[in-house]
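Inspection log for the structure reproduced underneath, given as structure tokens.
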Amino acid sequence: MALARPAEADRSSEEQALEAGFRQLVESESRIEPRDWMPDAYRATLIRQIAQHAHSEIIGMQPEGAWISRAPTLRRKAALLAKVQDEAGHGLYLYAAAETLGVDRAELTTKLIEGRQKYSSIFNYPTPTFADVGVIGWLVDGAAICNQVPLCRTSYGPYARAMIRICKEESFHQRQGYELLMTMMGGTTRQRAAVQDAVDRWWWPSLMMFGPPEGSSPNTARSMAWRIKRHTNDELRQRFVDMTVPQANRLGVRLPDPELRWNPDREAHDFGTPDWDELYRVVRGDGPCNAERIAHRRQAHEAGTWVREAATVHAAKRAAGTARVDRTAVEA
Ligand code: FAQ
């Protein structure tokens, strides 16, 4: 015991120095890189958030993806196809960023499919009409951009760099959604009614997307101290409302909140309280489409098993220098 003490003291002073170095990097607005020392809890928080974010992009392909084969024109079909493919790409950037923290994408996918990791509540709502495609672009990508632009300055380098690319593409997604809705609002009475109906259904879930309010958000304070998050969920929600109200007016739709009004004292909009019970229900798995989304993801994963197996065998053969020999054998 007597001998162990100095060693322990040394270790803790070494850890203290590492911790001080980490804090100094964060506070000086430098990025933490994969090679840098970081506290275990910082690593775990990033893995949790980046994995949830990646899963959201991948599950988020489903609600709009359902409309690719039914898009009304070739132009709309091409735009939608490109958007959904971008979402797959965003998921992959994010899984790659998570992998720099020492986790494996396969392990994250298993956790998603087994319901052990979350994805955004917003993707558990149905898309019964083509107006939903426009509203997802306008409101859901709009909310995602509000949340993600500050993440371009998040303290972990690979996540921040992934966010810069993702935000650029999402700005385009948001515009295509708004342009689609503008076109529908200039169309028939039925088309205008479909847009209003979609706005009525997506408005509150879009506000919930930002997460629980202050006081019920267990991770915010620590994530802000580490500069992973730059704003509270409520600050970002307010920013989204203020940004969206003039766009709704220009579009000619009504936002379904009787308490929504400009407050000149705060120089911001007052708005009603989202149904937080609904958010928790959806996050727990009881939303309108949770079971369907996970079943679809599981089926797609299973259908891809042979691709992963073939890639693994090919990689092993290449590593062993036998891939060419085998191809010759096949050709023969
Ligand atoms: N849904 O303490 P907080 C997109 C969970 S990408 C489900 O406030 P935190 C692109 C939270 O994880 C959309 N779960 O947590 C696209 C935590 O659970 P845990 C995704 C939610 O992390 C567009 C617990 O509640 N974007 O849309 C939700 O500090 C169109 C307590 O909450 C991101 O992921 C929710 N809405 O703040 C694709 C952005 N809200 O893990 C297709 C990055 C909260 O403790 C079409 N993430 N929870 O068990 C973030 O900014 C943060 O993680 C928050 C949550 C703000 C989502």
If I take atom CG from residue Leu25 and atom CZ from residue Arg31, how far apart are they, to the nearest 0.5 angstrom?
10.5 Å
Distance from Thr100 atom OG1 to Arg43 atom CZ, nearest 0.5 Å?
8.5 Å
Classify the side-chain pair Asp86/His173 by whether it contains a donor and acceptor separated by less than 3.5 Å.
yes
Is the CG atom of Asn263 crowded by more than 12 outside heavy atoms at less than 6.0 Å?
yes
Does Arg75 come within less than 4.0 Å of Glu179, counting only side-chain N to carboxylate O?
yes
Are any side-chain N or O atoms of Asp141 and backbone N or O atoms of Trp138, one a donor and one an acceptor, separated by less than 3.5 Å?
no
Just checking, any donor-acceptor pair under 3.5 angstrom between side chains of His53 and Tyr159?
yes
Taking NZ, NE, NH1 and NH2 as the nitrogens, is one of them in Arg266 or Asp270 under 4.0 Å from a carboxylate oxygen of the other?
yes
Kindly determine whether Lys229 and Gln49 satisfy side chain to side chain contact (heavy atoms under 4.5 Å, CB included), including the steps that lead there.
CA-CA 10 Å; Lys229 281 170 87 161; Gln49 177 165 328; 4.3 Å; yes
Note: Arg230-Glu29 ion pair, threshold 4.0 Å (strictly below)
yes
Charged N to carboxylate O under 4.0 angstrom, Lys111 versus Glu107?
yes
Rounded to the nearest 0.5 Å, what separation is found between the CZ atom of Arg227 and the OG atom of Ser155?
8.5 Å
Do Arg116 and Glu114 sit within salt-bridge range, that is, some charged N less than 4.0 Å from a carboxylate O?
yes
Within a strict 4.5 Å, meaning less than it, do heavy atoms of the Met184 and Arg192 side chains meet?
no
Taking Phe172 as the starting point, is it possible to reach Leu181 by hopping between hydrophobic residues whose side chains are less than 4.5 Å apart?
no
Asp234 versus Gln238, side-chain donor and acceptor atoms under 3.5 Å:
no
Short N-O contact, Arg237 and Glu214, less than 4.0 angstrom
no
What's the verdict on salt bridge (Lys or Arg N to Asp or Glu O under 4.0 Å) for Glu292 and Arg297, showing C-alpha distance, side-chain angles and the deciding distance?
CA-CA 9 Å; Glu292 184 185 324; Arg297 183 70 198 90; over 6 Å; no
Regarding Glu170 and Gln148, do their side chains bring together a donor and an acceptor under 3.5 Å, going by distance alone?
yes
When you check the side-chain N and O atoms of Arg190 and Thr129, is any donor under 3.5 Å from an acceptor?
no
Do Asp132 and Trp202 get their side chains close enough for a donor-acceptor pair, meaning under 3.5 Å?
yes
Are Thr109 and Tyr95 linked by a side-chain donor-acceptor pair shorter than 3.5 Å?
no
Residue Arg250 excluded, over 12 heavy atoms near CZ under 6.0 Å
no
Could you give me the CA-CA distance, side-chain angles and deciding distance for Glu302 and Arg308, then say whether salt bridge (Lys or Arg N to Asp or Glu O under 4.0 Å) is met?
CA-CA 10 Å; Glu302 284 164 7; Arg308 290 188 296 278; over 6 Å; no
Does this structure show an ion pair linking Glu64 with Lys83, if we count only N-O contacts that are shorter than 4.0 Å?
yes
Value rounded to 0.5 Å, distance of CD in Gln196 from CG in Leu255:
8.0 Å
